[in-house]
Amino acid sequence: MTVPALTMNNGVEIPQVGFGVFLVPDTETQAAVQTALEAGYRHIDTAKLYQNEAGVGAAIAASGIPRDELFVTTKVWNSEQGFEPAIASFEASMDRLGLDVLDLLLIHWPAPDLDRYVDTWRAFEKLYAEGRVRAIGVSNFQPEHLQRLFDETSVVAAINQIELHPLLPQDELRAFHAEHGILTEAWSPLARGGDVLADPVITAIAERLGRTPAQVILRWHVELGNVVIPKSVTPSRIRENLELFDFSLTAEDLAAIAGLETGDRIGPHPDTFSRG
Ligand code: NDP
């Protein structure tokens, strides 16, 4: 299964579907990432917080896949925001991953109470200028946080990775991203495997198309233009979540899924979350 790539605002390409590893224990991460690589994933999303960068790195090293065919994202956690701490966090992540150059580095949360994301971004700009990272971006940023980076720094974020699923389609933030040339990346794209997978709107579309509910939701993301990073430790689901490019949804399907919006979040609100 070949996954199409989207082009970021600096010309670097990112595979539209990646493999997320939040809540996968480090001891199980190598096997899960290995299954994902065998299924055809070439994009892995981890973070310092997940404590499984070493498992990701071990799977990459064992795979024999040429480095330039892989796309790896990691993130700097709140407690390591600030210029020097962010550089140190990046270097420690790279040691655990066993990589020299990273594809995408994200600020995990804006944590506005800490007020360090501008300094953190300046560290990211330095790493980018030095060629240590191919692209830099943010996660969980609201328009006001992005605007502050536009006003006070030089490089425009390539991506904003945000909570996004049918219950929380983030139409306004996606429009803001489009206006500023920032790609939208959806975390918890399946609403963490919750009730939405059993919603009659989703299951009816899935039955008509002969697909699974998860595939319908992931295809919805693809048609919105989102980068999407579903997580699974189940081999059949890992494979299923990549098989999205031989069917499509109708305008009626998209309208029906739009009707599922409730505004409910799985994660905390970015305006107030600043846990260290
Ligand atoms: P997802 O929406 O990807 O859902 C994962 C859950 O859905 C798991 O319980 C999984 O079960 C289940 N699942 C996966 N595929 C299927 C399927 N085909 N059918 C039925 N159930 C399925 O949630 P995540 O929160 O993990 O988000 C994905 C990734 O986003 C994370 O792994 C991480 O990389 C990133 N993320 C980023 C955040 C940020 O702040 N930047 C915050 C949270 C996540 P099982 O594994 O048992 O198969």
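These numbers come from a predicted model, not from an experiment. Atoms within each ligand, like the ligands themselves, are counted from 1 in listed order. As a basis for the values below, the full set of heavy atoms in this structure was taken, side chains included, without hydrogen atoms, waters or symmetry mates.
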Checklist entry - Who are the side chain to side chain donor-acceptor pair (under 3.5 Å) partners of Glu223, not counting sequence neighbours? => result Arg219
Could you pull out all donor-acceptor pairs under 3.5 Å where a side-chain atom in residues 103-112 meets a protein atom, sequence neighbours excluded?
{"residue": "Asp103", "atom": "OD1", "partner": "Arg134", "partner atom": "NH1", "Å": "2.8"}
{"residue": "Asp103", "atom": "OD2", "partner": "Arg67", "partner atom": "NH1", "Å": "3.1"}
{"residue": "Asp103", "atom": "OD2", "partner": "Arg67", "partner atom": "NH2", "Å": "2.7"}
{"residue": "Asp103", "atom": "OD2", "partner": "Val72", "partner atom": "N", "Å": "2.8"}

Checklist entry - Does a side chain donor of either Gln30 or Asn52 reach within less than 3.5 Å of an acceptor in the other side chain? => result no
Checklist entry - Do Asn10 and Tyr128 get their side chains close enough for a donor-acceptor pair, meaning under 3.5 Å? => result yes
Item to check | Salt-bridge present (Asp119, Arg122; N to O < 4.0 Å) | outcome: yes
Item to check | ring pair (Phe, Tyr, Trp, His ring centres under 6.0 Å) partners of Phe90, counting only residues at least two apart | outcome: none
Item to check | Shell of residues surrounding ligand 1, defined by a 4.0 angstrom heavy-atom cut-off that is strict | outcome: Gly20, Val21, Phe22, Asp45, Tyr50, Lys75, His108, Trp109, Ser139, Asn140, Gln161, Trp187, Ser188, Pro189, Leu190, Ala191, Arg192, Gly193, Leu197, Ala214, Ile229, Pro230, Lys231, Ser232, Val233, Thr234, Arg237, Glu240, Asn241
